[in-house]
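Comments concern the structure below.
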Amino acid sequence: MTDISKPTAIPSTDEAYHPDAVEAKWQARWAERHINEPDLDHPARPFYNLMMFPYPSAEGLHVGNMFAFTGADLYGRFKRLQGYDVFEPIGYDAFGIHSENYAIKLGINPAILIPRNIENFRRQLKRIGGMFDWRHELSTTDPRYYKWTQWIFLQLLKAGKAYKKTAAVNWCPKDKTVLANEQVIDGRCERCGTVVEQRTLEQWFFRITEYADRLLADLDDQSKMDWSDSTTTAQRNWLGRSEGAELEFPLSVGAETAPSAARGQRGSGSVLKVYTTRADTVFGATFMVLAPEHPLVDALTTPEQRAEVEAYRRAAASKDLVSRKVGDREKTGVFTGGHAVNPATGREIPVWVADYVLMEYGTGAIMAVPGHDERDFEFARKFGLPIVRVVAEAPAGAEGHPDPERREGEGADAPLDAPYTDNESGILANSARFDGLPVPEAKRAVTAWLESKGAGKGVVRYRLHDWCISRQRYWGPPIPIIYCDDHGAVPVPEKDLPVELPLIEDFAPDDSGISPLARHEEWYYVPCPVCGKRGRRETDVSDTFLDSAWYHLRYPSTEFDDRPFDPARTRTWLPVHSYIGGNEHAVLHLLYARFITMVLHDLGHLPFDEPYRKFRAHGLIVKDGAKMSKSRGNVVVPDEYIARWGADTFRMYLMFLGPFQEGGDFQDSGISGPRRFLDKVWSFVNEACREGEGQEVHHGVIVKLNQTKKRVTEGLEALRYNTSIAALMELVNALRAENVCDKGIAEELVVMLAPFVPHFAEECWERMGHRESVFEARWPAWDEELVVEDRIEVVVQVNGKTRSKVQVARDADEETVVAAAMRDVGVQRFVEQKTVRKRIYVANRLLNLVVG
RNA sequence: GCCCGAGUGGCGGAACGGCAGACGCAGCGGACUCAAAAUCCGCCGGGGGCAACCCCGUGCGAGUUCGAAUCUCGCCUCGGGCACCA
């Protein structure tokens, strides 16, 4: 704040470069002159330059944030100089468990704490010189914002895309909250590392699984999405599409006569459905396994086995997710006593219960094929169940796999001492009429056969689960629902939004699993919107990922309180032209944002269904080769560096230390390089102002200048900022070596520097006599003719080894170059006494003589 | 285990299949200075040679090619993601 309003007086003589003064001056001027505020209603060439908004922590912006924002800002400024009307907004993702935990620790309400953090963030964001349009700053904690977050919930509810269900959820006993599956890492809480338990609670879910196929298909649609490969790959994996078959195994008589069967399954004809991706191995299914939670377990269990089965189920239920999912994975299980009939063989096979089968995937039941599945094999070994081979190696010499040595003893009758899981090159065996079919064909053939028998069908499954948005916490937007004894869950009427989060003293959660909000009667009890009788508010708040799933829609429309996003503004500015952010959000934020956009599109609120046309993931900044962390004590506090070197030098250093999309290693010593460079440019510019006109410039310098323009432009477009900076340094080195002092060149240099060092460039620009901002200037164009010298050095190789170089005219023909090469002593030495058998000539580059 | 990404000087990193190491940091030598800092000039992968030059060199091993850091196959190491997903 003080930085910006600090009065400065910079004489126009060429004294040393003082970043503090220059930066304060231009930050103040940008604000005064509204330089960074495009006309949102009538832009000529709109360009929406978005970066992932920060969570305003107490520590302030760290180097990683600075790196990301600088890289994104650079791109926006570059586009601006190319003539676009660039809208570059910023905001704060300020709800959520991070803020809340910190507030609990300090015992201060986050509603008081967070604004302080935001204040600090705003100061830092201004200090690094981002091209932000501050008119459109937003915070997700602002009731004017979350009113519309709640509105989105209601739209989904109305459309049947939101529903409530009782579900076993991940419960973190330390944070005292449920966690989404994706917030559980190796069975532990993503945030605090505590072992996660299971609890059963009523939760609100969004039906994202209904969109799985669209979310997947668009990833391959270049017209909608130009995204970093690493990000689309992560989403593909997360969606987890698998093609398989749902097969039906009739329960056999033994089971149906069991006392509980009639009740559980309405008498005879009941079947066990399984999902498999290896329908081809059905002849090898020698037993079945149910998840402990599977509803048919009761019906199948015989009286003799009941005690054992019940005990096993109880044990499984009390197990936390760690030992269930990432424990030592020693297989456990019990026999139910029941049997089912293998629809392929017609044989009865036993049904077991084991916790390696998960209720949440597929049908919660599997056909176990121990011969060709590692888990089933292990289980069969342990419990002495039969193992049958139904896939064998194609015989040696057969087409495709004539490799007799690689796998010994995988013939049709060879015993299996390990599962044979090759699902590409094997052929079926011991599978009646399917014997000899290659596995891929057999998958189709067997599925079709079972389908014709009415025992199954091909299906596609996704790994993705519905999105649980309920959080039993305080610091989030209340879910706008009122419960009425007569009318159930009633949505809060839209006219009553927002449901404001009350400022309460005791905001910390407790063990009950009930939100702190429930303890406040004056807030909790409200009239039912339908009948007016006393109702109770939903006390859960929504997931922060819902806040961030639509913020890009809000930015252009922040001034409107009667609509979440203005239709005209939205049509003008969206979808986002360029979005830059970290790949840690590849599957959470980015997938949810896509989903919400799709739903709003389908409901007629948006004219597009993919929110971000282009997305690029930036890299990570490390220090001394290791991730920065408090525990390592290698955290770089950006403020200190900015205070010492200036924002421009800091920006340039961050962009210089590695390719933006890969990140780099922050080294204290390295920052002096960019600063020295700026000092050189500074004196060059000041000198050029004084005496730099009418001077004759060497042709080589003109070529260098054109090469530089090309390299800088291409580097910026590809986000390879480090190479752009290197090109600019080369140019300045060349200008100094040649003693050039030309104002025209200085101006083009300054414009090219502007995205990297905006304050510095503005100051230079002004000193060169311009009254407008440098960002009103045009990006320099280059002449392709002048990118290559008139005389070229052609490399001459003999047998592929470089032996010499010859000077020839540009585009010289092969004969000329060969003649020149033959005159060259360095070449002669390797050619004499030998015949040139072959010549390879690459124009303007290289001549290779093959001799022998 | 599966899926991505990456391995190049002392360090960060450059190189449409065509001079490996641009640019920068650090280091070394010199100029300026009473001295230091700053600045300027020069050197800076390894080995051999007085020298012009020569040989070796991009994680390892094969291959394709006139020519491979770059393409293909097989490994190794590191980073990231997913993971009892049937």
Side-chain angles (χ1 to χ4, degrees), chain A residues 16 182 185-186 228-238 240 242 244 274-278 281 289 291 324-327 329-331 354-358 360-369 372-376 378-379 421 461-465 583-584 586-587 619-620 622 624-627 653 656-659 661-674 676-677 679-680 683 711 720 722-733 736 793-805 825-826 829 837-842 845-851:
Chain A
E182 45 272 49
I185 310 294
D186 288 343
S228 294
D229 280 347
S230 56
T231 313
T232 51
T233 303
Q235 292 213 345
R236 257 180 225 108
N237 292 343
W238 190 260
S242 82
V274 301
Y275 174 70
T276 179
T277 55
R278 293 296 306 274
T281 62
V289 185
R324 174 90 185 252
K325 281 195 165 179
V326 291
R329 297 188 182 179
E330 173 71 29
K331 295 280 176 293
D355 67 2
Y356 80 92
V357 174
L358 308 173
E360 66 206 54
Y361 187 80
T363 61
I366 61 158
M367 64 175 201
V369 185
H372 308 285
D373 180 281
E374 292 190 10
R375 297 152 301 180
D376 298 344
E378 207 185 307
F379 193 80
T421 55
R461 290 254 170 211
Y462 292 89
R463 202 193 69 102
L464 181 76
H465 299 300
N583 238 355
E584 68 272 19
V587 288
L620 232 62
V622 298
D624 310 320
K627 210 168 164 173
Y653 175 59
F656 187 58
L657 53 70
Q661 291 178 81
E662 282 160 43
D665 200 347
F666 191 99
Q667 295 174 344
D668 287 1
S669 60
I671 197 167
S672 58
R676 283 205 273 256
F677 169 68
D679 283 333
K680 287 179 200 171
S683 54
R711 282 177 62 193
R720 294 205 318 266
N722 55 331
T723 61
S724 293
I725 294 169
L728 289 163
M729 288 174 166
E730 279 185 52
L731 174 65
V732 171
N733 289 346
R736 287 160 58 86
E793 208 171 50
V794 172
V795 169
V796 184
Q797 297 182 337
V798 179
N799 289 342
K801 290 198 174 190
T802 302
R803 296 304 182 186
S804 187
K805 296 155 198 178
V825 260
R829 201 178 7 206
R837 296 178 182 224
K838 192 172 173 183
R839 307 191 306 219
I840 293 103
Y841 178 59
V842 183
R845 276 186 177 273
L846 162 142
L847 174 71
N848 186 12
L849 300 171
V850 184
V851 302

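Residue numbers start from 1 in every chain, and the chains themselves are labelled A, B, ... in the order their sequence lines are given, proteins ahead of strands.
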Tell me, yes or no, whether the heavy-atom count around A/E584 atom CD, taken from other residues, nucleotides or ligands under 6.0 Å, exceeds 12. yes
With a 4.0 Å limit, can you tell me whether A/R720 has a side-chain N or O closer than that to the phosphate oxygens OP1/OP2 of B/rG13? no
Length of the line joining A/R461:CZ and B/rC85:C1', which is rounded to integer Å: 11 Å
Calculate the interatomic distance between A/Y361 atom OH and B/rC82 atom C1'; express it in whole Å. 13 Å
May I ask you to verify if any side-chain N or O of A/R803 is less than 4.0 angstrom from the OP1 or OP2 atom of B/rC55? yes
Which whole-number value in Å describes the distance from A/F677 CZ to B/rC40 P? 13 Å
Using a 4.0 Å heavy-atom cut-off, does A/K801 contact any base of the nucleic acid, only the sugar-phosphate backbone, or nothing at all? sugar-phosphate
Take nucleotides 19-26 of chain B nucleotide by nucleotide from the 5' end and write B, S or -, depending on whether a protein heavy atom sits under 4.0 Å from the base, only from the sugar-phosphate, or from neither. BS-BBSSS
What's the CZ-P distance between A/R829 and B/rA52, to the nearest Å? 12 Å
For B/rG9, is chi within 90° of 0 (syn) or not (anti)? syn
Just call it for A/L657: base, sugar-phosphate, or nothing, with non-hydrogen atoms closer than 4.0 Å on any strand. sugar-phosphate
Steps toward side chain to side chain contact (heavy atoms under 4.5 Å, CB included) verdict (A/V798, A/R829): CA-CA 10 Å; A/V798 179; A/R829 201 178 7 206; over 6 Å; no
Rounded to whole angstrom, note down the C1' distance from B/rG59 over to B/rA69. 12 Å
Specify whether A/Y356 and A/F379 have parallel, tilted or perpendicular ring planes, treating 30° as the upper limit for parallel and 60° as the lower limit for perpendicular. tilted
